[in-house]
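Structure record follows, encoded as structure tokens.
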Amino acid sequence: MKLLLIAWCCFLTISSLRAQNISYSGQLEAGILNGESGYPVFSVQTFHGIRFKQQQLETGLVAGVDAYSQMVLLPVMLSAKWNPYSSRPVSPVLSWGGGYGFDWLQRRTRGIDYEGGYLINPSLGIRVKTRKASKVSFSIGYKKQLATIRRSEFIIPAVDSFAPTSETVEKYKFHRISVMFGLNF
């Protein structure tokens, strides 16, 4: 009985989505983040969401990898993209994203603790339709991302437990200009 109820709810959800003119939207972007350090940082991200055709709006989830020299972060954020002239061959895109940069990809070392932080990522770009159903995009934006590194030094006391002797905390606020190229489908 539960399986039949779940199937019925799925059917109603899918049929209501089709009636509202909603479709899947995906995007893969790669580029560089350049900031105060003087050297560019590699960044790649993917967007998966839904497209509201009447409002020319796309909302969804973004996940990626940002390889800073201090640490590697995995940004996960909610994003909204507004494309007011989506039916034209070339159209502008305004994007806003916000979320958290996780430290899950960072290699762990004894005495060093990495911690991610919040991030925001607004951008402005253009989309160009290709001969197929896909589009090519170019965007310039701003990415602010917070992160922390804690370094602890340990000594071995006369007792069998380890006690930290000193702790250094390095807080980072990465302010970067992003230049991204992407493929939309």
Side-chain angles (χ1 to χ4, degrees), residues 13 17 20-86 91-108 112-129 133-150 169-185:
T13 303
L17 286 177
Q20 295 178 8
N21 238 356
I22 296 176
S23 62
Y24 171 77
S25 176
Q27 181 175 5
L28 178 63
E29 287 184 306
I32 59 170
L33 305 174
N34 201 0
E36 65 269 356
S37 62
Y39 55 90
V41 172
F42 178 72
S43 177
V44 63
Q45 62 187 27
T46 180
F47 170 85
H48 297 279
I50 56 175
R51 179 181 297 128
F52 300 95
K53 291 182 181 177
Q54 293 177 342
Q55 291 83 10
Q56 291 88 22
L57 181 69
E58 301 169 4
T59 60
L61 188 66
V62 174
V65 175
D66 294 336
Y68 297 103
S69 63
Q70 294 86 350
M71 67 178 69
V72 177
L73 293 174
L74 174 74
V76 176
M77 60 185 156
L78 293 174
S79 180
K81 297 173 185 284
W82 183 54
N83 189 358
Y85 305 108
S86 59
S91 62
V93 177
L94 181 62
S95 174
W96 177 267
Y100 194 86
F102 293 96
D103 63 335
W104 297 335
L105 300 176
Q106 186 62 42
R107 183 180 301 247
R108 301 293 178 204
I112 301 177
D113 184 33
Y114 298 94
E115 185 179 323
Y118 295 100
L119 69 102
I120 60 168
N121 186 208
S123 67
L124 178 64
I126 61 169
R127 282 189 187 163
V128 179
K129 287 186 179 180
S134 62
K135 300 172 188 102
V136 177
S137 66
F138 170 77
S139 66
I140 296 177
Y142 169 74
K143 185 178 256 188
K144 178 181 179 180
Q145 195 160 343
L146 305 177
T148 305
I149 300 176
R150 287 184 174 81
V169 177
E170 301 169 12
K171 293 188 180 251
Y172 293 97
K173 291 182 182 177
F174 298 112
H175 298 275
R176 301 287 196 257
I177 299 295
S178 65
V179 178
M180 305 293 277
F181 294 95
L183 178 64
N184 304 297
F185 44 92

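The residues of the chain are indexed from 1 along the displayed sequence. Only a predicted model underlies this, so the values are computations on that prediction, with no experimental measurement involved.
- Taking CZ of Phe42 as the start and OH of Tyr68 as the end, the distance is 13.0 Å to the nearest 0.5 Å.
- At least one side-chain heavy atom of Ser139 sits less than 4.5 Å from a side-chain heavy atom of Glu29.
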Quiz item: Checking side-chain contact (heavy atoms from CB on, under 4.5 Å) for the pair Ile140/Leu124: CA distance, chi angles, key distance, verdict?
Solution: CA-CA 6 Å; Ile140 296 177; Leu124 178 64; over 6 Å; no
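- Taking all atoms of both residues into account, the shortest heavy-atom contact from Met71 to Thr148 is CE-O, 3.8 Å.
- A donor-acceptor pair is defined here as one N or O able to donate and one able to accept, closer than 3.5 Å; no such pair exists between the side chain of Asn184 and the backbone of Ser25.
- With rounding to the nearest 0.5 angstrom, the CH2 atom of Trp82 is 10.0 Å from the CG atom of Leu57.
- A pairwise comparison of heavy atoms in Asp66 and Ser43 identifies OD1-OG, 2.6 Å as the closest pair.
- With contacts defined as side-chain heavy-atom distances shorter than 4.5 Å, the pair Leu119/Phe174 does not qualify.
- The structure places NZ of Lys173 at 5.5 Å from NZ of Lys144, a figure rounded to the nearest 0.5 Å.
- Ile126 places none of its side-chain heavy atoms less than 4.5 Å from the side chain of Ser91.
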Self-check item: Stepwise side-chain contact (heavy atoms from CB on, under 4.5 Å) check, Val41 with Ile32
Solution: CA-CA 5 Å; Val41 172; Ile32 59 170; over 6 Å; no
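- Residues Pro122 and Ser95 fail the side-chain proximity criterion, which asks for heavy atoms closer than 4.5 Å.
- The two residues Ser178 and Leu33 come nearest to each other via the heavy atoms CB-CD2, 3.4 Å.
- Both cation-pi conditions hold for Lys81 and Phe47: the charged atom is under 6.0 angstrom from the six-membered ring centre and inside a 45 degree cone around its axis.
- Tyr100 places a side-chain N or O within 3.5 Å of a backbone atom of Gly116 that can act as its donor or acceptor partner.
- Annotation: side chain of His175 is in contact with side chain of Tyr142 (closest heavy-atom distance under 4.5 Å).
- When all heavy atoms are compared, the tightest approach of Asn83 to Pro92 is OD1-O, 3.0 Å.
- A 6.0 Å sphere centred on CZ of Phe185 holds more than 12 heavy atoms belonging to other residues, nucleotides or ligands.
- Of all the heavy atoms in Gln27 and Ser137, the pair that sits closest is NE2-OG, 3.2 Å.
- With respect to the salt-bridge test (charged N to carboxylate O, under 4.0 angstrom), the residues Glu58 and Lys135 do not qualify.
- Asp113 has its side chain out of reach of Ile149: every pair of non-hydrogen atoms, C-beta onward, lies at least 4.5 Å apart.
- Atom-to-atom distance recorded for Tyr114:OH and Glu170:CD is 9.0 Å, nearest 0.5 angstrom.
- Summarising the geometry, atom CD1 belonging to Ile22 is positioned 5.0 Å from atom CD1 belonging to Ile50; distances are rounded to the nearest 0.5 Å.
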Quiz item: Passes side-chain contact (heavy atoms from CB on, under 4.5 Å), Tyr172 versus Leu146? Steps please.
Solution: CA-CA 6 Å; Tyr172 293 97; Leu146 305 177; over 6 Å; no
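- More than 12 heavy-atom neighbours from other residues, nucleotides or ligands sit within 6.0 angstrom of OH on Tyr24.
- For the pair Gln145/Leu73, a side-chain contact is recorded, criterion being any heavy-atom separation below 4.5 Å from C-beta on.
- Contact annotation: the side chain of Thr59 approaches that of Phe52 to within less than 4.5 Å [non-hydrogen atoms, C-beta and beyond].
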Quiz item: Please walk me through it: do Ser123 and Trp96 pass side-chain contact (heavy atoms from CB on, under 4.5 Å)?
Solution: CA-CA 6 Å; Ser123 67; Trp96 177 267; over 6 Å; no
